[in-house]
Novice: 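Here it is, the structure, as structure tokens.
For reference, positions follow the sequence shown, starting with 1. For ligands, and for the atoms within them, numbers begin at 1 and follow the listed sequence.
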Amino acid sequence: MGGGRKRRRDGKEAPVIHPRNRYAAAAPDFAMLASLYPSFSPFVSVSRGRASIDFTDFSATRELTRVLLLHDHGVNWWIPDGQLCPTVPNRSNYIHWIEDLLSSDLIPPISSSNKTVRGFDIGTGANCIYPLLGASLLGWSFVGSDVTDVALEWAKKNVESNPQIANLIEIRNAKKLSCSSESEAVVGEAVKQNALEPVDGVVKSKPPILLGIVKDSESFDFCMCNPPFFKSIEEAGLNKKTSYGGTAEEMVCPGGEQAFITHIIEDSVSLKNSFRWFTSMVGRKANLKLLVSKVREAGASVVKTTEFVQGETARWGLAWSFIVPRKMIISSSTQGKVSHSFMLYGFRREYGAFQVLKSAETFFHASNLSCKTDTSLFSIDVTLSDEQAQAAMLHHESDPVEGSSAKLQSAVTGISFRISVFEQMPGTLLVKGSLLNKALSGNPCSSCE
Ligand SMILES: C[S@@+](CC[C@H](N)C(=O)[O-])C[C@H]1O[C@@H](n2cnc3c(N)ncnc32)[C@H](O)[C@@H]1O
């Protein structure tokens, strides 16, 4: 891991395995595992002193996953032949990224008396990998959903084989839309908004994903999803270098990942108050860009993306939330310059720097203050007369430093300040205020910092 992050040809830093991933410091030691687990030993060969397995052999990759889950996570696990076999280090990266999102104070937590983190794994698969990892690594509780009989049967078996975490994981059948009154109302609304398509006068529903599967009044800290990436089994192709199984039901859906994640985005609009973070893995970078636009159009207040290290295959993470972000204040004050800046997150697309500047201008005019807007600089200069400045100082009773207001009053002969608004990216603005009076700026006032 030493030597810092590698750079790609385009100059960008290559992503690295998550630092909290238990395999970040050292890859799994196949020789050690073979010596401990006789069932793994036949799959391990040593060449030039290096132990490895044949990654094109499904039995070998499945046995590796089994021993890693057992040895490193205390989890008993198995899947039938041909089902999608997860690689433990790769899947752990997604769990740790969600852990980062949850611990960031960008958006406040959802109000819940229950302290246990609660997640929803869309399409948990026979392998049930995310709930097993999240529960064993971090004590999270999960609802894991799926639609195929084999996935539902084996996910349940994998949960029951682990009594130490079984009470943290519920496997839910997403084949049938639940029929609660609230769900019916929400589904009715979705029909109006075209999320469900009427065919020949009959409403033909897309297979439910969240809407109708999440119960009334349930709330979750996050949802996650490794979606069926491909539009057809041909598109899924065969990676000759590895064999991790994967049936058509697991890998393919009409419209591929773009349609599947779009469906999650549509559902998220109706369920915006039920989840703190909505997340999904994305298989193609072109789809990531498109899905980010869809999430913004849906009105999300925060959007985050990441790139996962997945061996030779690139994968991305997309996260969004409708919760209003906390305002983040970054202030600065240096001798000879008094300025104050803060970030505003979560603006809808239509409210950019220009609109905020115009609102400020309207406010200052209404307050009878003289101001001049420069739209090319995205700034507005405001001048207070002597009387207005004195009145503002007297009004400012909450000055934390005794006497500083009085000092200012004696220095004030009118105040001029500039407000600049910069759009960092859609939905995020940097607002900066700086004093223009030289006399004042050389005498920084703590209440302005
Ligand atoms: C690529 S697999 C992911 C399995 C597992 N989470 C993993 O990461 O290995 C996608 C899963 O989504 C399931 N699925 C497809 N449509 C679904 C739906 N509407 N609701 C829930 N699961 C669905 C498939 O049956 C399959 O198990």
Novice: Show me which atoms of ligand 1 lie under 4.0 Å from any heavy atom of Glu249.
Specialist: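 Listed by number with element: 24 (C), 25 (O).
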
Novice: Give me the residue, atom name and distance of the protein heavy atom closest to atom 2 (S) of ligand 1.
Specialist: Glu250 O, 3.4 Å

Novice: Can you tell which of Ala174, Ala126, Pro208 gets a heavy atom nearest to atom 19 (N) of ligand 1?
Specialist: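 Selected option, by shortest heavy-atom distance: Pro208.
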
Novice: Less than 4.0 Å is my threshold; does some heavy atom of His263 fall inside it relative to ligand 1?
Specialist: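 The answer is no, since His263 has no heavy atom less than 4.0 Å from ligand 1.
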
Novice: Going by atom types alone, do His96 and Glu99 pair a side-chain donor with an acceptor below 3.5 Å?
Specialist: yes

Novice: Taking everything shown except Arg22 itself, do over 12 heavy atoms lie less than 6.0 Å from its CZ?
Specialist: yes

Novice: Would Phe308 and Tyr94 count as a ring pair (Phe, Tyr, Trp, His ring centres under 6.0 Å) here? Give the steps.
Specialist: CA-CA 7 Å; Phe308 294 119; Tyr94 190 177; 5.5 Å; yes

Novice: May I ask you to list the atoms of ligand 1 that are less than 4.0 angstrom from any heavy atom of Asn127?
Specialist: 5 (C), 7 (C), 9 (O)

Novice: Taking all heavy atoms of Arg172 and all of Ile213, pick out the closest pair and write down the distance.
Specialist: NH1-O, 2.8 Å

Novice: Just let me know how Met251 lines up against ligand 1, side chain, backbone, both or neither, with a heavy-atom cut-off below 4.0 Å.
Specialist: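 Met251 to ligand 1: no contact under 4.0 Å from either part.
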
Novice: Determine whether the side chains of Glu249 and Thr148 contain a donor N or O and an acceptor N or O closer than 3.5 Å.
Specialist: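 No pair is found: no donor N or O on one side chain lies under 3.5 Å from an acceptor on the other.
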
Novice: Where's the contact between Phe229 and ligand 1, heavy-atom distance under 4.0 Å: side chain, backbone, both or neither?
Specialist: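 For Phe229, no heavy atom sits under 4.0 Å from ligand 1.
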
Novice: Please confirm whether Asp121 comes within less than 3.5 Å of ligand 1 when only nitrogen or oxygen atoms on both sides are compared.
Specialist: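 No, Asp121 has no N/O under 3.5 Å of an N/O on ligand 1.
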
Novice: Which residue supplies the protein heavy atom nearest to atom 9 (O) of ligand 1, what is that atom called, and how far is it?
Specialist: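 The closest one turns out to be Arg91 NH2, 2.7 Å.
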
Novice: With heavy-atom distances below 4.5 Å as the criterion, would you say the side chains of Ile95 and Met224 are in contact?
Specialist: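 Result yes, sub-4.5 Å side-chain heavy-atom pair found.
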
Novice: Just to verify, what does Phe417 make a side chain to side chain contact (heavy atoms under 4.5 Å, CB included) with, not counting sequence neighbours?
Specialist: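 Once residues adjacent in sequence are excluded, the partners of Phe417 under the side chain to side chain contact (heavy atoms under 4.5 Å, CB included) criterion are Phe364, Val382, Leu384, Ile415, Ile419, Leu435.
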
Novice: Look at the side chain of Ser301 and the backbone N and O of Ser321, then say whether any donor-acceptor pair between them is shorter than 3.5 Å.
Specialist: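 Confirmed, Ser301 side chain pairs with Ser321 backbone.
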
Novice: Of all the non-hydrogen atoms in the protein, which one sits nearest to atom 16 (N) of ligand 1, and at what distance?
Specialist: Phe260 CE1, 3.4 Å

Novice: With a cut-off of 4.0 Å, which atoms of ligand 1 are near a heavy atom of Tyr130?
Specialist: 8 (O)

Novice: Return the closest protein heavy atom for atom 21 (C) of ligand 1 as residue, atom name and distance.
Specialist: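 Ranking protein heavy atoms by distance from atom 21 (C) of ligand 1, first comes Ser145 OG, 3.6 Å.
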
Novice: Select the closest option to atom 5 (C) of ligand 1 among Leu84, Thr124, Asn90, judged by heavy-atom distance.
Specialist: Thr124

Novice: Counting only heavy atoms not in Phe354, do more than 12 sit closer than 6.0 Å to its CZ atom?
Specialist: no

Novice: Enumerate the atoms of ligand 1 whose separation from the nearest heavy atom of Thr148 is less than 4.0 angstrom.
Specialist: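 Selected atoms, number and element: 25 (O).
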
Novice: Regarding ligand 1, does Pro228 bring an N or O atom to under 3.5 Å of one of the ligand's N or O atoms?
Specialist: no

Novice: If you measure from each heavy atom of Pro227 to ligand 1, is any distance below 4.0 Å?
Specialist: yes

Novice: Counting heavy atoms only, which of Asp149, Asn173, Leu152, Val147 is nearest atom 20 (N) of ligand 1?
Specialist: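 Among Asp149, Asn173, Leu152, Val147, the closest heavy atom to atom 20 (N) of ligand 1 belongs to Val147.
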
Novice: Among all protein heavy atoms, pick out the one at the shortest distance from atom 4 (C) of ligand 1; state its residue, atom name and that distance to 0.1 Å.
Specialist: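 In this structure, atom 4 (C) of ligand 1 has Gly123 O, 3.4 Å as its nearest protein heavy atom.
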
Novice: Tell me, yes or no, whether the heavy-atom count around Lys231 atom NZ, taken from other residues, nucleotides or ligands under 6.0 Å, exceeds 12.
Specialist: no

Novice: Heavy atom under 4.0 Å from ligand 1: found in Cys225's side chain, backbone, both, or neither?
Specialist: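 The answer is neither.
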
Novice: Quick check: closest heavy atoms across Tyr23 and His73, and the distance to 0.1 Å?
Specialist: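 That would be OH-CE1, 3.4 Å.
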
Novice: Kindly identify the option in Asp146, Leu210, Asn226, Ile213 whose heavy atom sits closest to atom 27 (O) of ligand 1.
Specialist: Asp146

Novice: Less than 3.5 Å apart, any donor N or O on the side chain of Tyr244 or Thr65 sitting next to an acceptor on the other?
Specialist: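 No, no side-chain donor-acceptor pair sits under 3.5 Å.
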
Novice: Could you tell me, atom by atom, which parts of ligand 1 come under 4.0 Å of a heavy atom of Ile209?
Specialist: 19 (N)

Novice: For Glu63, is there an ion pair with Arg66 - N to carboxylate O distance below 4.0 angstrom?
Specialist: yes

Novice: Numbering the atoms of ligand 1 from 1, which are under 4.0 Å from a heavy atom of Gly125?
Specialist: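 So the answer, numbered in order with elements, is 4 (C), 27 (O).
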
